[in-house]
Amino acid sequence: METARIEELIKAGIPDAQVKVTGDGRHFEAEVVSAAFEGKSLIQRHRMVLDTVRPQIDSDELHALSITSAKTPAEIA
């Protein structure tokens, strides 16, 4: 799976997200910034991101996605 495709999937599921994905073709890391994270716990934020790629994880098209950062715009300012 390509990093660009994972970014597209996350952006489709969290439309206002700013996304950066890195990886080696099998294991990936994502940094996501979204106002949708406002008021959500870290676990809830990670679940929101993982839910955007759940079908790919379930089919093993995407083997591993680590969320290295899930912040609101205010948290990165």
Side-chain angles (χ1 to χ4, degrees):
M1 184 160 231
E2 299 287 326
T3 56
R5 177 68 179 134
I6 297 168
E7 288 178 5
E8 289 171 9
L9 291 167
I10 294 171
K11 288 177 182 178
I14 307 172
D16 75 329
Q18 297 171 28
V19 183
K20 180 181 176 189
V21 176
T22 57
D24 63 9
R26 193 86 173 124
H27 299 90
F28 298 91
E29 295 182 344
E31 296 177 16
V32 184
V33 177
S34 172
F37 294 149
E38 192 68 46
K40 305 275 194 253
S41 71
L42 184 60
I43 298 285
Q44 289 171 317
R45 294 173 183 199
H46 283 217
R47 285 184 182 151
M48 286 173 67
V49 175
L50 290 173
D51 284 348
T52 67
V53 293
R54 180 70 53 211
Q56 290 74 23
I57 291 171
D58 290 347
S59 71
D60 202 38
E61 179 183 1
L62 173 56
H63 178 69
L65 178 64
S66 179
I67 313 303
T68 57
S69 177
K71 296 183 177 183
T72 67
E75 291 171 333
I76 62 165

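Only heavy atoms go into these numbers, but all of them, side chains included; no hydrogens, no water, no symmetry mates.
Once rounded to the nearest 0.5 Å, the distance linking CD of Gln56 with CG of Leu65 reads 10.5 Å. With rounding to the nearest 0.5 angstrom, the OG atom of Ser59 is 11.5 Å from the CZ atom of Arg54. Here the straight-line distance linking atom NE2 of His27 with atom CG of Leu62 works out to 9.5 Å at 0.5 Å rounding. Note: Glu61 CD to Arg26 CZ = 10.0 Å, rounded to the nearest 0.5 Å. Taking CD from Glu29 and OG1 from Thr3, the interatomic distance works out to 12.5 Å, rounded to the nearest 0.5 Å.
Looking only at side-chain heavy atoms (C-beta outward), Ile6 and Met1 come within less than 4.5 Å of each other.
When all heavy atoms are compared, the tightest approach of Pro73 to Ala35 is CD-N, 3.6 Å. Nearest heavy atoms, Asp16 versus Ser34: OD1-OG, 2.6 Å.
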### Task
Kindly indicate, with the supporting measurements, whether the criterion side-chain contact (heavy atoms from CB on, under 4.5 Å) is fulfilled by Ile67 and Arg47.
CA-CA 10 Å; Ile67 313 303; Arg47 285 184 182 151; over 6 Å; no

### Message
For a side-chain contact (heavy atoms from CB on, under 4.5 Å) check, start with the C-alpha distance between Phe28 and Thr22, then their side-chain angles and the critical distance, and finish with the verdict.
### Response
CA-CA 6 Å; Phe28 298 91; Thr22 57; over 6 Å; no

### Task
Verify side-chain contact (heavy atoms from CB on, under 4.5 Å) between Phe37 and Lys71, making sure each step is shown before the conclusion.
CA-CA 7 Å; Phe37 294 149; Lys71 296 183 177 183; 5.7 Å; no

### Verdict with supporting geometry, Ile10 and Lys20, side-chain contact (heavy atoms from CB on, under 4.5 Å)
CA-CA 10 Å; Ile10 294 171; Lys20 180 181 176 189; over 6 Å; no

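A salt bridge does not link Glu8 with Lys11: every distance from a Lys NZ or Arg NE/NH1/NH2 to an Asp or Glu carboxylate oxygen is 4.0 Å or more. With salt bridges taken as basic N to acidic carboxylate O contacts below 4.0 Å, one links Arg45 and Glu75.
By the 6.0 Å contact criterion, CD1 on Ile43 is open, its count of non-hydrogen atoms from other residues, nucleotides or ligands being 12 or less. More than 12 heavy atoms of other shown residues, nucleotides or ligands fall within 6.0 angstrom of atom CD in Gln44.
Using a 4.5 Å cut-off between side-chain heavy atoms of Ile, Leu, Val, Met, Phe, Trp and Tyr, with links allowed through other members, Val21 and Val33 fall into different hydrophobic clusters. No single ILVMFWY cluster, assembled from side-chain heavy atoms under 4.5 Å apart, contains both Leu42 and Leu50. Taking hydrophobic clusters as Ile, Leu, Val, Met, Phe, Trp and Tyr residues chained together by side-chain heavy-atom distances below 4.5 Å, Ile14 shares a cluster with Leu9.
Using modelled atom types, one side-chain atom of Thr68 and one backbone atom of Ala30 make a donor-acceptor pair closer than 3.5 Å.
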